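Just below is one structure, and these are the notes that go with it.
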Amino acid sequence: MGYFVDHRTKKIHHSQFAGDSCGFLQTPINQREFTDKLEYVESLAEKEYEHCPHCQTAQPTVG
């Protein structure tokens, strides 16, 4: 599974489920990182990063 790390808000997103409610649209491109390395993501989570509560599962679409 792929991950999207938002270094501005220090949140870890699941790439497959990330959406508007995650709030990363204001983060500049140079502060976004994509990775498939679970060990790296978990090392960030042990420090000061947290998993985004909005993209742990698929988000419903509105409309």
Side-chain angles (χ1 to χ4, degrees):
M1 175 179 290
Y3 298 92
F4 159 47
V5 181
D6 183 333
H7 292 290
R8 182 181 66 87
T9 62
K10 300 194 182 304
K11 296 224 188 232
I12 301 165
H13 304 275
H14 286 266
S15 297
Q16 182 178 2
F17 302 129
D20 292 343
S21 61
C22 297
F24 59 79
L25 296 176
Q26 293 78 28
T27 300
I29 297 295
N30 65 347
Q31 292 182 340
R32 300 178 188 188
E33 178 180 10
F34 293 90
T35 184
D36 288 329
K37 297 180 177 146
L38 179 60
E39 298 83 16
Y40 171 62
V41 168
E42 291 305 319
S43 72
L44 291 175
E46 289 175 5
K47 297 175 184 174
E48 56 191 87
Y49 286 70
E50 65 179 345
H51 289 275
C52 174
H54 301 287
C55 59
Q56 299 304 306
T57 59
Q59 296 181 31
T61 56
V62 178

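None of the values given here were measured: they were computed from a predicted structure.
- Aromatic ring orientation, F34 versus F4: parallel (interplanar angle below 30°, classes split at 30° and 60°).
- For F17 and H54, the gap between ring centers reaches or exceeds 6.0 Å.
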Show the numbers, then the answer: is there a side-chain contact (heavy atoms from CB on, under 4.5 Å) between V41 and Y49?
CA-CA 9 Å; V41 168; Y49 286 70; over 6 Å; no
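- Residues L44 and K10 form no side-chain contact, since every pair of their non-hydrogen atoms from C-beta on lies 4.5 Å or further apart.
- Rounded to the nearest 0.5 angstrom, D6 CG and F24 CZ are separated by 8.5 Å.
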Assess the residue pair K11 and E50 against the criterion (side-chain contact (heavy atoms from CB on, under 4.5 Å)); give the C-alpha distance rounded to whole Å, side-chain angles, the decisive distance to 0.1 Å, and a yes or no.
CA-CA 5 Å; K11 296 224 188 232; E50 65 179 345; 2.8 Å; yes
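- Within the 3.5 Å criterion, the main-chain N or O of P28 finds no donor-acceptor partner in the side chain of R8.
- Annotation: the span from C55 atom SG to I12 atom CD1 amounts to 10.0 Å, rounded to 0.5 Å.
- Around atom CD of E33, more than 12 heavy atoms belonging to other residues, nucleotides or ligands sit under 6.0 Å away.
- Between Y3 and H13, the ring centre distance reaches or exceeds 6.0 Å.
- In this structure, the separation between OG1 on T9 and CZ on R32 is 10.0 Å, given to the nearest 0.5 Å.
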